[in-house]
Enquirer: 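Sharing a structure here in structure tokens format.
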2 protein chains.
Amino acid sequence: MSIRLLLADDHRMLREGLRRSLTDAGFDVVGEAADGEEAVELAGQLLPEVVLMDVSMPHLGGVEATRRIHDAHPEVRVVMLTMHADADVVADAIRAGACGYLVKDCSIDEIADAIRAAVSGETTLSPQLAASMLGELRKLDRGPADPEERLITKREEEVLQLIADGCSTPEVAAKLYISQKTVKNHLAAIYQKLDARDRTQAVVRAVRMGIIRLD
Amino acid sequence: MSIRLLLADDHRMLREGLRRSLTDAGFDVVGEAADGEEAVELAGQLLPEVVLMDVSMPHLGGVEATRRIHDAHPEVRVVMLTMHADADVVADAIRAGACGYLVKDCSIDEIADAIRAAVSGETTLSPQLAASMLGELRKLDRGPADPEERLITKREEEVLQLIADGCSTPEVAAKLYISQKTVKNHLAAIYQKLDARDRTQAVVRAVRMGIIRLD
DNA sequence: TGGTTGATAGGCCGCCCGGCTCATTCCGCT
DNA sequence: AGCGGAATGAGCCGGGCGGCCTATCAACCA
């Protein structure tokens, strides 16, 4: 029997191309989702063997969607796709229950291999990622049985998104009905968690991690 | 005869998907480019009827690559692809000689229509873009015969890229062997051109316009 | 019940940032 | 020869920004 797949990516162009290529490669694409929420919903309804999930999607990021799918249906394997090779995101994704991580520059054959590996319980990483992971290996060394931590809190995410939308500290404070000081407190926490030292770095890292979006 | 196409996008996954879908749709994909320079080179060698070009690519952005292809081979039609619906970029792309502009959320059918329209000399815009263009129409009204202006200069682009990489003003100055004052001057010029008021806004807008990249 | 975490908020300090005006040099185009 | 744009640089100034420390309150959890 062919492997049943769910595709989750916010760009129809990529979804349609993947659907055709993966269908030709012998897989059974049973559904497509355009955002994280839809992915969680369809994964529960269709119970595919593997979900191919983009990191950066509207409404709900790929990592959080992966976490929910994994919690609700541990038998569903999730393979993540991303634009950028960022070791930190890989760690988050793996903690969230993903069993594969590919950059979008890989070939259809590599995707097919990763899907088959996922079904048989193996974890696949893009070569580009494997290399950058080696440099970050020490960080993972500290705690393998880490409780599934949602690095950025909901409130911090709201602040971060407004910053990315071009708001200054006073503007963010006004929009969230809190004081400027609180905004700065959230920002300070964000800088520490994302290893950034100013709002620009924080936005760039958050975008790469799929936490926020550039609409 | 089927229409000869060149695909230019830095993500192999998207290229392979598009190649298969467009081949099935009756087009003749004669080449693939992974960055702007390669696109210019291959366009010159292969002389395809249409180039499908991503806005954001390494080494050379899609808009600049389009300009060079258009200057060297005016008979080659270029259709641009982008993640974001940004009216300003559309204006730049059209000035650079593009005869189509699609967001990556459109379907294969829409791409096929845009390619056929391009061949017959028409210009196609994604519906999402057509809508946002209406709001910006006044800006285009002022000067239709605008000289092909490269909004951001080379030096400004270097500064912007370093800022996006997380450098502060003193760090950018050190890396470029210029004074902090000059960096701030370039930034001031950038803010004006991109309609931004701080570095974070400038980086976000520049990324959406494909001027710089988030590696 | 006490410990942890998230969200709220204040003060203080120093520096970087962005706005303003102005000057110089070099290059390319007319 | 001259004009304009790009790149370089300076000074001034006010405000935003980031670092650091402390504090309160509610929720949750062991």
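Every chain is numbered from 1 and lettered A, B, ... according to where its sequence line falls, protein lines coming before strand lines. Scope of the values below: all heavy atoms of this structure, side chains included, with no hydrogens, waters or symmetry mates.
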Enquirer: Is it the case that the side chains of Thr169(A) and Arg199(A) hold a donor-acceptor pair, with the cut-off being a distance below 3.5 Å and no angle test?
Expert: yes
Enquirer: Could you state the NZ-P distance from Lys184(A) to dC20(D), rounded to the nearest angstrom?
Expert: 13 Å
Enquirer: Generate the contact string for nucleotides 21-30 of chain D. Rules: B means base contact, S means sugar-phosphate contact only, - means no protein heavy atom under 4.0 Å.
Expert: ----------
Enquirer: Measure CD/Glu171(B) against P/dC17(C) and give the value in whole Å, please.
Expert: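 From Glu171(B) CD to dC17(C) P: 9 Å.
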Enquirer: Verify the neighbour count for atom CD of Glu75(B): are there more than 12 heavy atoms of other residues, nucleotides or ligands below 6.0 Å?
Expert: yes
Enquirer: Which residues in residues 155-168 of chain A have a heavy atom closer than 4.0 Å to any atom of DNA chain D?
Expert: Ser168(A)
Enquirer: Check this for me: Lys175(B), atom NZ, are more than 12 non-hydrogen atoms of other residues, nucleotides or ligands nearer than 6.0 Å?
Expert: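 No, not enclosed.
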Enquirer: Could you tell me how far apart Gln180(A) (CD) and dA7(C) (C1') are, to the nearest whole angstrom?
Expert: 17 Å
Enquirer: Can you name the nearest heavy-atom pair linking Pro58(B) to Asp10(B), along with the distance?
Expert: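 Pro58(B) and Asp10(B) have their closest heavy atoms at CD-CB, 3.6 Å.
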Enquirer: Between Thr169(B) and dC16(C), is there a contact of a side-chain N or O with OP1 or OP2 at under 4.0 Å?
Expert: no
Enquirer: Does Arg116(B) come within less than 4.0 Å of Asp113(B), counting only side-chain N to carboxylate O?
Expert: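 Counted as a salt bridge, because a side-chain N and a carboxylate O are separated by less than 4.0 Å.
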Enquirer: Can you tell me how far P of dG14(D) sits from CZ of Arg197(B), to the nearest Å?
Expert: 21 Å
Enquirer: In whole angstrom, what separates Asp198(B)'s CG from dG16(D)'s P?
Expert: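 In whole Å, dG16(D) P lies 12 Å from Asp198(B) CG.
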Enquirer: Please produce a list of atom pairs where a protein N or O lies less than 3.5 Å from an N or O of nucleotides 25-30 of chain C.
Expert:
none

Enquirer: Can you measure Ile152(A) atom CD1 to dG6(C) atom P for me and round it to whole angstrom units?
Expert: 10 Å
Enquirer: Give one of base, sugar-phosphate or nothing for Thr182(B), where a contact means two heavy atoms less than 4.0 Å apart.
Expert: base
Enquirer: With respect to the side chain of Tyr191(B), which nucleotide from dT8(D), dT8(C), dG19(C) is positioned closest?
Expert: dG19(C)
Enquirer: Give a yes or no on whether a salt bridge exists between Glu32(B) and Arg12(B), defined as a side-chain N under 4.0 angstrom from a carboxylate O.
Expert: no
Enquirer: How about Val78(A) and Val50(A): do any of their side-chain heavy atoms sit closer than 4.5 Å?
Expert: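 With C-beta onward as the side chain, the pair stays apart.
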Enquirer: Could you tell me whether Asp9(A) and Arg19(A) have a side-chain N and a carboxylate O separated by less than 4.0 Å?
Expert: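 Result for this pair is no, no salt bridge flagged.
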Enquirer: NZ of Lys193(A) versus P of dT5(C): gap in Å, rounded?
Expert: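 Rounding to the nearest Å, NZ of Lys193(A) and P of dT5(C) are 10 Å apart.
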Enquirer: Can you measure Leu194(B) atom CG to dG18(C) atom P for me and round it to whole angstrom units?
Expert: 13 Å
Enquirer: Between Lys154(B) and Glu157(B), does at least one N-O distance fall below 4.0 Å, as a salt bridge requires?
Expert: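 No salt bridge links Lys154(B) with Glu157(B).
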Enquirer: For residues Gln201(A) and Gly166(B), report the shortest heavy-atom separation together with the two atoms involved.
Expert: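 Nearest pair, atom of Gln201(A) first, then Gly166(B): NE2-O, 2.5 Å.
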Enquirer: Can Glu171(A) and Arg197(B) be counted as an ion pair, charged N to O under 4.0 angstrom?
Expert: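 A salt bridge links Glu171(A) with Arg197(B).
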